[in-house]
Amino acid sequence: MSRSARTPQGPSDSAASSPAPGPAPALEKAYRPAETEPRIRRCWDEAGAFHADPARVLTGEREPYCILIPPPNVTAALHLGHALTYSLQDILTRAHRMMGYETLWMPGTDHAGIATQAVVERRIKEEEGLTRQQLGREEFVQRVQAFKDEYEATITEQLKVIGCSCDWARQRFTMDEQCVAAVREAFFRLFRDGLIYRGKRLVNWDPVLQTAVADDEVEDVEVDGQFYYLRYPVVRGGRDSGTKGPRDKGRIQIPETWGELARRKYPQADDHPPDEQAWVTVATTRPETYLGDTAVAVNPKDPRAAPLKGLMVELPLVGRIIPIIEDEYVVMPAADPETDGVDPKARYATGFLKVTPAHDPNDYELGLRHNLPVINVLAPDASISDKHGWTDVGDAHLFVGKSREAARQLVVREFYARGLLEETRPYRHTVGHSDRSKAVIEPYLSDQWYVKVTDDSMRGAALRAMVAEQRTGEGTEGQRNKRTQGRDGDGALRFHPARYAKMFETWHDNIRDWCISRQLWWGHRIPVWTLDEVKDAGVLKRNLDTLFSRAGLTEDVCIRFDPLPQAHGHICARTEKAEAFLNDLSDLCRPGPVIGPRLPTQPYARSGTPLFDQHHPDLMQEARDVKEGIASLERDPDVLDTWFSSALWPISTMGWPDPATFPGNDGLLEAFNPTSVLCTAREIITLWVSRMVMFNRYFLPESHHRPDATRRGQAATDRTDLSENGQGRGPVPFKDVFIHALIMDGEGRKMSKTLGNGVDPRDIIQSHGADAMRFTLCHMTTQTQDVRMPVVPDPATGQNTSPKFDLGRNLCNKLWNATRFALSKLERPGASAADAGAPVHVSYPDLPLADRWMLSRLSASVAEVNAALKDYQFSVYAQTVYDLLWRDFCDWYLEAIKLTVNANPAQRAVLRAVLDVIVRLLHPITPFVTEAIHEHLRRVPAHRVPGIDLATEALLCRSAWPQVAAGLRDGAAEERFETVRSLVTAIREVRSQHKVAPARRITLHATARIAKACEAAGGLVQTLAVLDTITLQAPKAGVPTVALRVDADELHLSNFADAVDAGAERERLLKIIADRERTISTIDKRLENPGYIAKAPPNLVEESRSQRAAALAELESARAALEKVE
RNA sequence: GGGCGGGUAGCUCAGUUGGCCAGAGCAUUCGCUUUACACGCGAAGGGUCCCGGGUUCGAGUCCCGGCCUGCCCACCA
């Protein structure tokens, strides 16, 4: 290879700022990813090749294409599952960048509240033996921050090594300042709009640590327990008894007898003595919670329900009179409990369910439906207590102060003593235990923050966002289809594959309000300060208004009071300034002087000066007035659910609510939201996708909907006002949702950190290269199947690897060597100067058959790739390019041109163009090797090949996607080439079967048609079938020959051996005979079926007949030949 | 319990509205230092398309039932 042959040429190379540092190294025999990939990555970095410019969209110069990275958790390094999803996103990104879109792939990471906190907590416990409580909130959060920094760096490095073409200048983190600002604003608006409210919720309470724990920190343990059957006496009294007694509880009830129940037609009441006190029996595993019962429920379909109407029961000892309510939720007892397949609940149920809203999640729901009181009978340490909401203790005071376990024994004993314990039955069931303390989890009622996602501006907006044809319209809001017709921005959300739309829809139909508070330290702290024991809400409100007004914070805070009796109020801060102010005010409102370090939950440590006095001396009087009206003002200790900040990802990353605050965000939202596609795995459709849709549509104004191409020119000057809410009519955050396969380990389990079966993509990159990994993953990504990826230790390094990635590595190597070959032809010494000087005119009709065939295949493949990309059919894409490169280009085209290319400049032009097209088609999947090849290929002068358009830049990643005209499809050329191919294959088959020495040149006695085809193929047949001559003459008598058929033509081979190997020939012919006989019998079966002739399409019948004829001809000639052999 | 997938060659997987003798890669066997590539080239063997019914001229493909397997959600008085 001469140096002059690689002198830069062409317009793009004249640019002084060519980012390629120096000449590309010479092409080695094998492609070495380890040397190439880091170098190519540097080229991309130095060129800033992936930076998106919103201005080009806003001026209408380019269409936008945008993908938001689903931010990986900073809990651990990425595994192969991540490598898959990010490879696919990079493929889409790179393809569209080449297609001329202004392309933005927004990178970032997620703080992943619970998961990260748990990992760091565990690590600190293991390494230092300390709990987070011992460290204190401030110190602990700093430790998590340090951990996050470490893993964020690792993850970023991994993404870069994989080859991700993210816009690295815009990398975000869900808790960085920009995202914090978005969270604060979003929370504030929802709070102001009444969509955030305070509600009760049962949390998982750890009575030992006395803290709420997250669901995934609860471990289900199977334990042997008991079912206790308790009798509650039935009484008459209260409203429905007809006697209007005094309202104080439980004093006028009249015991109900079995005799009375019998009169009411209560089933089996006659089995009991008529004068005896009647009862209902409830079954429970937790008898001690009966102290908090506020109803007994029965299924309305239960025959006992009607006779009990209007009656009540009395809780033994407590004396509380509670209603018998009807609810479909109650499981009726099984008729035959021994029968298999009966709901285990039904097997143990009595049909009566004790309802304890304060201590059971279902009972809580039931209580809400029936407006039942909620009575908490437990202290935070899970002992029975009358200090936390329980007042009517009655004779049950003997339980107070006992632990759960002791109380349970005591309750059972007391019931037994009174004849109210019907029976106990052993029962094995799962009970939640705290991961850390191992204590049994107690469902414990507490105050939480909720987002009212059931509001139409949330749920309705999410459902209306779906494209019409993917909606079933079933569910609770049947009318919703109509409401949305024709509204701009609605109906833009489409799922790929479509079946996931249903999951999205049904989830919303059953959605409940979203609890967003989490009892954690790592996360966005809730920007709300609680006013406790408000003396006079009206006065306080006036004082607060005055204070905030004088502080210039009127727009920055929102004050709300709880509904009557207004003992509590909440102030929500919108800005950092308001947050600081409220912190100071909170200090001032704390009893006693404000001196010294603050409580460990407060991330501030200050000197002894009263803060408010120091920062706001002129507001002291107003502040004191506020302090007078309340007992305390404390910031809510909880943080937000991680998904709250994730839900804002499409807008927080683009600078919402105020792009001017942080540099580089100007115009991003207008240019790139709605984004093009969200690419993710299926498990977060509900958690994440839904919430992004709701928030995007809620927070972005209706007017944000991106103007169409013709209007976009003016958009730069006509910005949307981001301070205005969309109220559910704003744009969707993305138009397509592509749900891809999951990577499983060798046993078919999902790759996950907890299982420890994750494979680090860097291990695979080390053994095979990033391109090989990407190609293989892409190739495996089909629409339905999850992918199994068994890994083995690499014998060389001991790290994980898998022979599956050989597929991709081999492909890269094949491309590399095909390029070496092509370059050797294109850069022939002596040829280059002439090539450069004189433009080569490529005339399509004059091209050899092989070239016309190749161009036809190329055109078809480009169309297939384009269609596959549009449909997210990644496996089809990879397979198509694989076949094009390997089967068509290498196996046949390169072989076909070997003899003629040196002498034919037009053929060299085609060779260069075809290779260039293939390299570009492959670039999104295998960016490194193609970029490395481009460094060489772009230095070879390109001559115009009609129908092929290739705009070239210094870097391939910014060069144009290949345009190959559909007109290059050439059916005739493909057919003729096919003939040549089957001829070569047939001859090779004979050679192999007759064990002809590979180098031995043999003679083909051809028909005129075949001979003509061979000539058109330009020596291809001679080379590949190793022939000396192709002749029209029949072989001379006595010369050893074998016969073969191609299409309808019978041909002969001679000179392949000194004598025919009768055994081999016999075997060959018998095989043909057996095969054709099988074919004929199959076709006959079809043709002999009268229904087939009558009903099948005539062309199929005709095809069957001609197939039969062809097979018969082949069969007969093989039989004739066989006779000659024997 | 509800929902959604998958079960096709030894392995990992394609097979788009039913219609060529069911395909690919790897693995296996045989033959090749053919000057781009042994990470390669050529040839070969290998499948009751989970089971049982049904619709149809025709089913891997559509319908019903069953078995095995995976995932998501809910729940466990």
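Every chain is numbered from 1 and lettered A, B, ... according to where its sequence line falls, protein lines coming before strand lines. Excluded from the calculations below are hydrogen atoms, water molecules and symmetry mates; all remaining heavy atoms, backbone and side chain alike, are included.
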Check: For A:T36, which residues count as a side-chain hydrogen bond (donor to acceptor under 3.5 Å, both in side chains) partner, sequence neighbours excluded?
Finding: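 Listed in chain order: nothing, the list is empty.
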
Next item on the list: Could you pull out all residues at least two apart from A:E1067 that satisfy side-chain hydrogen bond (donor to acceptor under 3.5 Å, both in side chains)?
Entry: none

Notebook entry, point to check: Which one, B:rA43, B:rC41, B:rA36, comes nearest to the side chain of A:D891?
Noted result: B:rC41

Check: Out of B:rG40, B:rG5, B:rA38, which has the shortest distance to the side chain of A:R499?
Finding: B:rG5

Margin query: By nearest heavy atom, map A:V282 and A:A1111 onto RNA chain B; which one lands nearer the 5' end?
Written below: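 Result of the comparison: A:A1111.
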
Next item on the list: For A:Q873 and for A:K354, locate the closest nucleotide of RNA chain B by heavy-atom distance; then report the residue assigned to the nucleotide nearer the 5' terminus.
Entry: A:Q873

Next item on the list: Write down the atom of A:H768, the atom of A:P33, and the distance for their closest heavy-atom approach.
Entry: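 The answer is O-CG, 3.9 Å.
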
Counterpart base for [N], defined by Watson-Crick or G-U wobble contacts under 3.5 Å:
N	result
B:rA43	B:rU29
B:rC37	none
B:rG70	B:rC4

Check: Within the structure, does a side-chain N or O atom of A:W507 lie under 4.0 Å from either OP1 or OP2 of B:rG2?
Finding: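 Indeed not, no polar side-chain atom of A:W507 lies that close.
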
Check: Should A:K898 be listed as having a side-chain N or O under 4.0 Å from OP1 or OP2 of B:rA36?
Finding: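 Affirmative; the distance criterion is met.
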
Show each protein N/O and nucleotides 55-60 of chain B N/O combination with a separation under 3.5 Å, one pair to a line.
from   : atom 1 : to      : atom 2 : distance (Å)
B:rC57 : OP1    : A:K1095 : NZ     : 2.0
B:rC57 : O4'    : A:G1091 : O      : 3.4
B:rC57 : O2'    : A:N1089 : OD1    : 3.4
B:rC57 : O2'    : A:N1089 : ND2    : 2.3

Item checked: Of all pairs that satisfy salt bridge (charged side-chain N to carboxylate O under 4.0 Å, His left out), the ones with a partner from residues 1095-1105 of chain A, not counting sequence neighbours -> none

Check: Which residue pairs pass the salt bridge (charged side-chain N to carboxylate O under 4.0 Å, His left out) test with at least one member in residues 350-364 of chain A, sequence neighbours excluded?
Finding: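 Pairs touching residues 350-364 of chain A that pass the test: A:D293-A:K354.
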
With the criterion being N/O to N/O and under 3.5 Å, what pairs connect the protein with nucleotides 24-32 of chain B, and how long is each?
from   : atom 1 : to     : atom 2 : distance (Å)
B:rG25 : OP1    : A:R887 : NH1    : 3.2

Check: Can you find an N or O donor on one side and an acceptor on the other, under 3.5 Å apart, linking the side chain of A:K29 with the base of B:rC37?
Finding: no

Check: Is the count of non-hydrogen atoms from other residues, nucleotides or ligands lying under 6.0 Å from A:E978 atom CD greater than 12?
Finding: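 Yes, because the 6.0 Å sphere around CD of A:E978 holds more than 12 heavy atoms from other groups.
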
